[in-house]
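Let me begin by presenting the structure, written as structure tokens, before commenting on it.
Both counts, for ligands and for their atoms, begin at 1 and track the order of listing. All values below come from the heavy atoms of this structure, side chains included, with hydrogens, waters and symmetry mates left out.
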Amino acid sequence: MVDRSHKPSAISAKAAGPQPTVDVSDNGVTAKLPTGESVEVLLHGASVISWKSKGEVENLWLSESAVLDGSKPVRGGIPVVFPNFGPAPKDHATSKNPQHGFARNVRWEFLGKSTSEGEASKGSDDSVKLDFGLYSTALSDEARKAWPYDFGLVYSVTLSQEGLRTVLNVRNEGKEAFEFQVLLHTYLRVKDISKTTINGLASATYSDKVLSLPTATQSTPTLSINGEVDRVYKSLAQDTTSVLEGGKPRFDVVRDNLVDTVVWNPWIEKAKGMGDFSPKDGYKNMLCVEVGAVDGWQKLDGGEGWEGGQVIRSLL
Ligand SMILES: O=P(O)(O)OC[C@H]1O[C@@H](O)[C@H](O)[C@@H](O)[C@@H]1O
């Protein structure tokens, strides 16, 4: 029977409510939820450059002199590191690639958005997912020569009230196997690095680039940052790394199919040496907690796929 009561159904009542907005420009994509959260992604490197929680709190640190015109990687936000982490090793197929690979330094394609309505009964929120793609066919001849594999990357950035999810899907579109590393180089914004601590790394093995130590063990349950830090924590048992401010939870960074985490803060001298790092005392307001698969290599046979990512929760 046709319902002529004109009572809105639960579904249409929800659909009639405010919807997420997505603005696409030549340079990037911005999405905003009706509850106030927002995310901004540059097509250059598919770099997330802003993620705000309800109340307009910016969660990511972006250098005031970050170069956003596509001529170099973005200093801040979340650059995507692929297919090599750090300087490419001489004896590997990535050896001709730049530091941290090419993905953060090329223009990606916006593939589209999808929105989903939350269901209170399942404890889920409204969310908006933005998909970005990068294919070997879009690389310059020079970049293709340096790393001559056929690949397809899809990077999905999902904004919800719960937090920000960023997931990278890698496909080997060719016949020949290739090896890669992945890192989501997240610059978290903190109020005061001297009051910031990190939990979730206890007893983990790490390499320390500042002290040139190939192997060390995290002896304290909590890590404080009192100087330059550049460590690769490997094969972490816990999937969550927590950042606290003044002892209060500020961020949870949850890894999915990624077992390593880099902790980086350049401190005074290294910050001075980076032309695109400002203000120069900006190291006091940032902390990189970078989830990845960077210890050794992921091997992907022709036609195969791999996926890994993170959810960052802002706990204010
Ligand atoms: O200056 P880049 O290439 O963005 O790299 C920044 C830092 O990135 C971190 O992931 C590395 O562990 C550091 O060694 C490096 O200095």
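- Using a 4.0 Å cutoff on heavy atoms, R75 counts as a contact of ligand 1.
- Counting the atoms of ligand 1 from 1 in the order shown, those under 4.0 Å from a heavy atom of Q99 are 2 (P), 3 (O), 5 (O).
- Of the protein's non-hydrogen atoms, H185 NE2, 2.8 Å is the one closest to atom 8 (O) of ligand 1.
- When E228, R231, H100 are ranked by how near their heavy atoms come to atom 5 (O) of ligand 1, first place goes to H100.
- Ring-plane geometry between H100 and F85 is classed as parallel, the angle between the planes falling under 30 degrees on a 0 to 90 degree scale with a further cut at 60.
- Taking the ring-ring contact (aromatic ring centres under 6.0 Å, His included) definition, one finds that F178 meets it with W147, Y149, sequence neighbours left out.
- Of the candidates T197, T196, N59, N59 is the only one forming a side chain to side chain donor-acceptor pair (under 3.5 Å) with R250.
- Among residues two or more places apart in sequence or in another chain, the side chain to side chain contact (heavy atoms under 4.5 Å, CB included) test is passed with S194 by D192.
- Using cut-offs of 30° and 60° for the angle between ring planes, the F82 and F151 rings count as tilted.
- Annotation: atom 14 (O) of ligand 1 to nearest protein heavy atom, D230 OD2, 2.5 Å.
- Of the heavy atoms in K270, none comes closer than 4.0 Å to ligand 1.
- Between D260 and the choices K234, R255, E290, the side-chain contact (heavy atoms from CB on, under 4.5 Å) rule is met once, by K234.
- What sits closest to atom 10 (O) of ligand 1 on the protein, heavy atoms only, is E290 OE1, 2.6 Å.
- When only interatomic distances are considered, the shortest N/O to N/O separation between Y187 and ligand 1 does not fall below 3.5 Å.
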